[in-house]
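Read the structure below first, then the notes.
Note that the structure is a prediction, hence the values are computed from the model and not measured. Note that ligands are numbered from 1 as they come in the structure, with each ligand's atoms numbered from 1 the same way. Reckoned from all heavy atoms, side chains included, excluding hydrogens, waters and symmetry mates. Sequence positions, counted from 1, serve as the residue numbers for this chain.
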Amino acid sequence: MIRLAVTGAGGRMGREVVEAADGRDDVEVVLAVNRSDCDPVAGVAVDDAADFPTLLADRDPDVVVDFTGPESSVEYVAACAEAGVAAVVGTTGFDPEGEAALDDAAEEIPLLKAANFARGVAALRQAVREAVGALPGYDIEVTETHHNGKRDAPSGTANSILDDVEDVRSELTHRTHGREGEQPREEGEIGVHARRAGDVTGEHEVLVAGNHELLELTHRAESRGVFAEGALDAAMWTTGRDAGRYDFFDVINS
Ligand SMILES: NC(=O)C1=CN([C@@H]2O[C@H](COP(=O)(O)OP(=O)(O)OC[C@H]3O[C@@H](n4cnc5c(N)ncnc54)[C@H](OP(=O)(O)O)[C@@H]3O)[C@@H](O)[C@H]2O)C=CC1
Ligand SMILES: O=C(O)C1=N[C@H](C(=O)O)C[C@H](O)C1
């Protein structure tokens with residue numbers, strides 16, 4: 001049984017993580033915090049995020065799961081590094097400075113970060129690597145669709161997929177975000193499209209087209225529960241590890 005802390009417990013994902021933990025017998029939520037006032041979630045009282053460093057020392061969690069925003073995530077992870085508590089980060093939208101701050105923290109604690117904790121997305125990413133490698137010269141367009149409350153675009157998952165594609169197809173050197181006016185497709189480009197509508201949990205589609213054929217690889221998350229369960233599996237895996245950066249493939253391949 002691990003002792004878990006959850007940040008952003010009043011948010012869509014933080015709430016989902018606390019609820020998922022309530023349904024498991026390998027995790028006990030010993031601390032939940034939120035920036036703004038928040039009613040208890042699954043019977044767990046939610047404390048003021050401003051007290052997070054003190055509460056970390058008092059409640060002594062093994063690991064913190066963070067789904068908030070990039071600015072707050074950097075602060076929470078720094079507090080984890082100070083307290084020697086492992087961190088699992090699902091937050092997306094970090095700039096290079098934010099990533100560097102996470103690197104610094106990972107010198108002190110085990111830090112696992114993933115833009116998507118759905119196992120199906122890990123499989124999608126592997127399938128995409130294989131497909132784009134097998135189809136040299138084919139055009140690639142990545143489209144993601146999310147609910148209208150999402151802040152960052154393109155999604156962290158889309159960025160991971162784009163990194164994968166560029167890794168396999170090194171001649172693809174630039175990302176074209178949408179098109180408007182006279183803008184024919186150019187050599188070396190990957191098209192990227194971000195849609196925001198309604199309450200879509202999260203969809204990622206990779207289109208690979210050329211030579212009179214078209215391959216579509218799509219993942220649709222039907223519930224945030226898949227992300228929460230994956231994050232809790234990651235929290236179990238990360239607890240007790242050496243300091244360093246890890247990702248969700250480490251969990252899946254272990
Ligand atoms: N890795 C994965 O599998 C997934 C990742 N995500 C990512 O998780 C993150 C959160 O998504 P979601 O739950 O939908 O977002 P919500 O907007 O629903 O929740 C965000 C939470 O973070 C808190 N927060 C935001 N900014 C700050 C801040 N500056 N200081 C303190 N707390 C802050 C909010 O607090 P308050 O209530 O006070 O505003 C809220 O509790 C996003 O980056 C998203 O992309 C989402 C789903 C899956
Ligand atoms: O904000 C979301 O909701 C999601 N964000 C993640 C991302 O940016 O990739 C993962 C998931 O698609 C849901």
Requested in this report: Would you check the N or O atoms of T92, main chain and side chain alike, for any that come under 3.5 Å of an N or O of ligand 1?
Outcome: yes
Query raised in the report: Out of T91, D37, T68, V74, who gets a non-hydrogen atom closest to atom 10 (C) of ligand 1?
Result: T68
Query raised in the report: Got an N/O contact under 3.5 Å between F227 and ligand 2?
Result: no
Query - Per atom 35 (O) of ligand 1, closest listed option by heavy atom (N34, V6, V33) - result: N34
**Report entry** Under-4.0 Å salt bridge between E144 and R196
**Finding:** yes
Query raised in the report: Is it the case that D152 and T92 place a side-chain donor and acceptor less than 3.5 Å from each other?
Result: yes
Query raised in the report: N/O to N/O below 3.5 Å, does that happen between M13 and ligand 1?
Result: yes
Report task. Look at atom 10 (C) of ligand 2 and say which protein heavy atom is nearest, naming residue and atom and giving the distance to 0.1 Å. Result -> A115 O, 3.3 Å
Query - Where ligand 2 meets S155 - atom numbers and elements under 4.0 angstrom, heavy-atom basis - result: 7 (C), 8 (O), 9 (O)
**Report entry** Heavy-atom proximity to atom 32 (N) of ligand 1, best of K150, R35, R151
**Finding:** R35
Requested in this report: Using the side-chain contact (heavy atoms from CB on, under 4.5 Å) rule, pick out the option among T218, T157, I161 that qualifies with L124.
Outcome: I161
**Report entry** N253 side chain vs D250 backbone, donor-acceptor pair below 3.5 Å
**Finding:** no
Query - Options F117, F227, F67, ranked by nearest heavy atom to atom 4 (C) of ligand 1, top entry - result: F67
Report summary line: Nearest non-hydrogen protein atom to atom 8 (O) of ligand 2, with distance, is K150 NZ, 2.7 Å
Query raised in the report: So is G93 in contact with ligand 1, going by heavy-atom distances below 4.0 Å?
Result: no
Query raised in the report: Looking only at protein heavy atoms, which one is nearest to atom 12 (O) of ligand 2, and how far off is it?
Result: H146 NE2, 2.6 Å
Query raised in the report: Regarding E141 and H193, is there a side-chain donor-to-acceptor distance under 3.5 Å anywhere?
Result: yes
Query raised in the report: If we only count N/O pairs under 3.5 Å, is G90 in contact with ligand 1?
Result: yes
Query raised in the report: Which atoms of ligand 2 have any heavy atom of T92 under 4.0 Å away?
Result: 7 (C), 8 (O)
**Report entry** Under 4.0 Å to a heavy atom of T157 - the qualifying atoms of ligand 2, by number
**Finding:** 7 (C), 9 (O), 10 (C)
Query raised in the report: Do ligand 1 and A115 have nitrogen or oxygen atoms that lie under 3.5 Å from each other?
Result: yes
Query - Short N or O distance, H204 and ligand 2, threshold 3.5 Å exclusive - result: no
Report summary line: Under 4.0 Å from one or more heavy atoms of N116, ligand 2 contributes atoms 10 (C), 11 (C), 12 (O)
Query raised in the report: Among A118, G93, G156, which one has a heavy atom closest to atom 7 (C) of ligand 2?
Result: G156
Report task. Consider only side-chain N and O atoms of S155 and H204, and report whether a donor and an acceptor are under 3.5 Å apart. Result -> yes
Query raised in the report: How about I190 and R169: do any of their side-chain heavy atoms sit closer than 4.5 Å?
Result: no
Requested in this report: Examine ligand 2 and decide if any of its atoms is less than 4.0 Å from a heavy atom belonging to T201.
Outcome: yes
Query raised in the report: Given that the side chain starts at C-beta and the backbone is N, CA, C, O, which of these parts of H147 lies under 4.0 Å from ligand 2, counting heavy atoms, or is it both or neither?
Result: side chain
Query - Proximity to ligand 1 by part of A114, non-hydrogen separation under 4.0 Å - result: backbone
Query - Best match, E75, R12, E16: closest heavy atom to atom 14 (O) of ligand 1 - result: R12
